[in-house]
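Pasting a structure here, questions to come.
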Amino acid sequence: QVQLVESGGGLVQRGGSLALSCAASGRTFTMETMGWFRQAPGKEREFVAAIRRNGGNTYYADSVKGRFTISGDIARTTVRLQMTSLKPEDTAVYYCAADREYSSNLNLQRAAPYDYWGQGTQVTVSS
């Protein structure tokens with residue numbers, strides 16, 4: 001089992017920045033990929049960013065590319081999401097997730113392959 005705990009959410013004005021952190025514990029050596037997803041009220045959970053264990057390759061949704069940066073070290077069990085130039089449409093609950101197995105570049109953008117999820121942290125961007 002792997003436990004994921006997010007922190008760092010909050011309220012920020014349009015154009016502001018926030019940094020989210022995800023701390024993993026438990027059988028973390030089994031994690032292949034860690035990702036961030038978000039879910040706004042009345043909408044489906046959507047992919048934000050992901051980072052692989054081997055090589056540290058990163059992946060981003062088009063909507064956050066150039067504004068968000070995922071970083072960290074899965075082996076060291078901490079992953080961070082730096083968010084800049086925030087927009088009201090970024091408002092959502094942000095979830096950290098971990099995948100035990102290798103998924104294709106396409107599949108790692110889907111929620112289904114991820115085995116473990118955090119409880120989520122609220123990010124609110126005011127206009």
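If you're wondering where the values come from, they're calculated on a predicted model, not measured in any experiment.
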Q. Does the side chain of R67 come under 3.5 Å of the side chain of Y60 through a donor N or O and an acceptor N or O?
A.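 There is no such pair between these side chains.
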
Q. How are the rings of F68 and Y94 set to each other: parallel, tilted or perpendicular (split at 30° and 60°)?
A. tilted

**Q.** Residues that R80 engages under salt bridge (Lys or Arg N to Asp or Glu O under 4.0 Å), provided they are two or more places apart
**A.** none

(Q) Any non-hydrogen side-chain atom of L108 less than 4.5 Å from a side-chain atom of F47? (A) yes

Q: Run the numbers on N105 and R52 for side-chain contact (heavy atoms from CB on, under 4.5 Å), then give the verdict.
A: CA-CA 10 Å; N105 292 355; R52 293 199 188 274; 2.8 Å; yes

All N/O donor-acceptor pairs, side-chain side in residues 10-27, below 3.5 Å, sequence neighbours left out:
unit_1	atom_1	unit_2	atom_2	d
S25	OG	Q3	OE1	3.4

(Q) Under a 4.0 Å threshold between the charged nitrogen and the carboxylate oxygen, would D62 count as salt-bridged to K65? (A) yes

(Q) Do T33 and Y102 have side chains that approach each other closer than 4.5 Å (heavy atoms only, starting at C-beta)? (A) no

Q: Report yes if the side chains of C96 and Q119 come closer than 4.5 Å at any heavy-atom pair, otherwise no.
A: no

Q: Look at the side-chain heavy atoms of Ile, Leu, Val, Met, Phe, Trp and Tyr, link any pair under 4.5 Å apart, and say whether L81 and V64 land in one connected group.
A: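 L81 clusters together with V64.
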
Q | Distance-only polar pair, side chains of T91 and E89, donor-acceptor under 3.5 Å | A |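 On atom types as modelled, these side chains do not qualify, holding no pair under 3.5 Å.
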
Q | R45 NZ/CZ over Y95 ring centroid, <6.0 Å and within 45° of normal | A |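 Because its charged atom sits under 6.0 Å from the ring centre and within 45° of the axis, R45 does stack over Y95.
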
Q: Test side-chain contact (heavy atoms from CB on, under 4.5 Å) on I51 and Y59 and set out the steps.
A: CA-CA 6 Å; I51 184 168; Y59 306 85; over 6 Å; no

Q.
Would M34 and T77 count as a side-chain contact (heavy atoms from CB on, under 4.5 Å) here? Give the steps.
A. CA-CA 10 Å; M34 290 186 73; T77 71; over 6 Å; no

Q: Can you tell me which residue pairs pass the salt bridge (charged side-chain N to carboxylate O under 4.0 Å, His left out) test with a partner in residues 97-110, sequence neighbours excluded?
A: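 For residues 97-110: R100-D115.
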
